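Just follow the structure's listing: the first ligand is 1, and inside any ligand the first atom is 1. Values in this document were obtained by computation on a predicted structure and should not be read as measured data.
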Amino acid sequence: MDNIFPTDQILQRTDKEKLLEQKGIAIWFTGLSGSGKTTIAIALEKELHKKGLLTQVLDGDNIRAGINNNLGFSESDRIENIRRIAEVTKLFVNTGIITICCFVSPTEEIRNTAKNIIGAADFVEIFVNTPIAICEQRDVKGLYAKARKGEIKDFTGINAPFETPANPDIELKANEWTVDDCVGIILENIKVQRA
Ligand code: ADP
């Protein structure tokens, strides 16, 4: 649908980026449950905040509890889940906000869907590569135990596949590196741009 307002009268993304003195970007973490996505994202957000940058973390907790609380884990619901997440991310990015997304996003198709909606130029894919044995040993939320008992079907890594990202922008060996190491590597590799 065409916007009814003439575009020269509407504030543009660049106007907002100028106000914030930063550029919007989506930092998209993919990896198994318990691999460390949220832990690293929270530490990264703190560092960015210290530098005076405006950020927003989106993860399963704030998204599935709210905007996607009517969605389950069927194939069609997973697609709708990622579509809404990506659309919300795009709104934040277009407001100039550094948007940090933590979702297992287990397949290339899902990650590409997100990238296509958000736009490749605004999308950085970070693969948190922690071996499944470590994730299962940590079992932060007790989900691996439940999946092993058959109480959760289609649990990524146990009875649903995780496709290794073919071309992540950054790969973190989060079982070998500390959280601080991971944050340092991200900050070295992404240009957090000032508008
Ligand atoms: P995810 O968001 O991928 O499901 P979480 O961040 O919730 O994973 O859980 C990862 C767990 O692993 C946390 O308990 C965290 O403290 C621990 N952990 C240990 N070492 C690291 C590391 N280097 N990077 C990230 N998390 C780590």
Take Leu91 and Thr89 through the test side-chain contact (heavy atoms from CB on, under 4.5 Å) and record every step on the way to the result.
CA-CA 5 Å; Leu91 292 175; Thr89 300; over 6 Å; no
Which is it for Asp181 and Thr178 under the side chain to side chain donor-acceptor pair (under 3.5 Å) test, yes or no, and what are the steps along the way?
CA-CA 5 Å; Asp181 290 340; Thr178 67; 3.2 Å; yes
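Using a 3.5 Å distance cut-off with no hydrogens or angles, the side chains of Glu45 and Thr55 do pair a donor with an acceptor.
Within the 4.5 Å cutoff, side-chain heavy atoms of Ile40 are placed close to those of Val128.
For an aromatic pair to be called close, the ring centres must be under 6.0 Å apart, and Phe29 with Phe103 fails this.
Ion pairing between a basic and an acidic side chain is recognised when a charged N comes within 4.0 Å of a carboxylate O; Glu47 and Lys50 show such pairing.
A heavy-atom cutoff of 4.0 Å around ligand 1 is satisfied by the protein residues Leu32, Ser33, Gly34, Ser35, Gly36, Lys37, Thr38, Thr39, Ile40, Arg138, Val140, Ala174, Trp177, Thr178, Val179.
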